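Below: one structure, written as structure tokens.
Throughout, a chain's letter reflects where its sequence line sits, starting with A, and its residues are numbered from 1. Predicted model only: the values in this text are computed from it and were never measured.
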Amino acid sequence: MMTLAKRIIPCLDVDQGRVVKGVNFVGIRDAGDPVEIARRYNEEGADEITFLDITASHEQRDTTAHTVEQIAREVFIPLTVGGGIRSLQDIRTMLNAGADKVSINTAAIHEPELVSDAAARFGSQCIVVAIDVKRVSASHDAPRYELFTHGGRKPTGIEAVEWAIKMAALGAGELLLTSMDRDGTRDGFELVITRAITDAVDIPVIASGGVGTLQHLADGVTEGGADAVLAASIFHFGEYTVGEAKAFMADRGITMRL
Amino acid sequence: MGNLHSVASALEHVGAAEVVVGHEPQAILDADRVVFPGVGGIRDCMEAIRRLGCDQLLDQVLNVDRKPVLAICVGMQALMSHSEENGGVACLDVLPGQVTFFGEAHQSDGGERLKVPHMGWNAVRPTKGHPLWHGIEPNTRFYFVHSYHVVPDSEAIVAGTFDYGLKGCAALAQENLFATQFHPEKSHTAGLTLLKNFLDWDGTCS
């Protein structure tokens, strides 16, 4: 049946306007240029592109806005920008630069009203709340996941499913769920918490953190119940194209835009 | 409202000689064709439309000058009579009909749970021949993001549908007006084809 397709979202980590995690494409002249990389993913059939601005200083964010502007001028699929979004002004800057959605992470923890204010001001459709979680229960106990900040180093004590429900109620249009236990491991998504959150909220959930194979992407949808899957390194290093990932998932009965 | 620049970029990409973004009456009256986009909440959107006099300008452009007009997403919803969003908002009533919420616990016919907003790439089935569908195959996927959908009083103006637990209205067409619930400016090559068709359109339905 023809219905909504599951999405594949390549993610670029950008520092001062340059892609920082290794990118190794045949035929790319400048592996650090986010515009060139975004263009490549767009050609491969990416459903959206997410930018994570990991620039340390606030002043350098102008560079990111400029990069978003350049990409938006030639890549006609949705762009999400995350990292360091702390205020309505930050959101406005990114939307004006051409972002379609912004992802709010730590600021939502310190100031949950930012999510409701932003949704009221700009519409839920452009407000993504990023949720970084780690499992805090022992392996033989019932699983419990909590939010962490600072790249997974700083605990907050906030339980993940409750938080997801609260963010949806405040007006988030989508959740970006990252397992900090899995991020960078290539062991696959943390499916237990992915499933718990997708079942708990009505809004779409993007699974992130840990993709090492195409099977992991499919598992995120079939086991985790995710509406979209985000990955960085399996695409950056040229192991797989977005097109190959989509064909693999479609072969397993997942509705994709081919 | 919202991200008007993406529409402008996409139109320039498919060959628009000049795209002016704004609500300046003279610029709109001077234009060969007009795009009426929109994102965000309907209440703010309608408030801005009325405050800036865009309702009267639209009437002039549509009914007096009879220019080709393309309305997108909330722009399309604003054309209807009334929206349930934000506690109920009176809209422009250019196209008689309602804008309604998908509903809590929205489901497919098979009982599968469906997320709201309807966000992502869904297949669009053209239900009538129209110059804006030129070169676009049935079931081509376009990018949608919305929690409310349009239900026109008259089936006759429906130009395309999508399936999402109900048969939703993907596009409306009436004389020199074409409206899409999806975002052509975010729908990759299919969207660019539709925008190119709009630039080539003379505003008739033949």
Please report the shortest heavy-atom distance between [X] and [Y], naming the atom on each side.
{"X": "B:Trp121", "Y": "A:Asp47", "answer": "NE1-O, 3.0 Å"}
{"X": "A:Gln125", "Y": "B:Val145", "answer": "CB-CG2, 3.3 Å"}
{"X": "A:Leu4", "Y": "B:Gly120", "answer": "CD1-C, 3.6 Å"}

Legend entry - Choice from A:Val75, A:Asp202, A:Asp199 maximising heavy atom contacts with chain B below 4.5 Å: A:Asp202

Inset, instruction - Output the option from A:Thr198, A:Val201, A:Ile203 having the highest count of non-hydrogen pairs under 4.5 Å with chain B. - result: A:Ile203

Quick one: [atom1] on [X] to [atom2] on [Y], what's the gap to the nearest 0.5 Å?
{"X": "B:Met119", "Y": "A:Arg7", "atom1": "CE", "atom2": "CZ", "result": "6.0 Å"}
{"X": "B:Ser6", "Y": "A:Leu95", "atom1": "OG", "atom2": "CG", "result": "9.5 Å"}
{"X": "B:Tyr143", "Y": "A:Arg257", "atom1": "OH", "atom2": "CZ", "result": "10.5 Å"}
{"X": "B:Lys115", "Y": "A:Leu175", "atom1": "NZ", "atom2": "CG", "result": "8.0 Å"}

Inset, instruction - Flag yes if more than 12 heavy atoms outside B:Gln56 fall under 6.0 Å of its CD atom; otherwise flag no. - result: no

Inset, instruction - Applying side-chain contact (heavy atoms from CB on, under 4.5 Å), name anything that partners B:Ala27, two or more places apart in sequence or on another chain. - result: B:Val20, B:Glu24

Inset, instruction - Could I get the full list of side-chain contact (heavy atoms from CB on, under 4.5 Å) partners for B:Leu166, not counting sequence neighbours? - result: B:Phe102, B:His106, B:His149

Is a donor on one side and an acceptor on the other found under 3.5 Å between the side chain of [X] and the backbone of [Y]?
{"X": "B:His188", "Y": "A:Asn42", "answer": "yes"}
{"X": "B:Lys186", "Y": "A:Phe76", "answer": "no"}
{"X": "B:Arg141", "Y": "A:Thr3", "answer": "yes"}

Legend entry - Residue among B:Phe162, B:Tyr164, B:Phe144 with most heavy-atom pairs under 4.5 Å to chain A: B:Tyr164

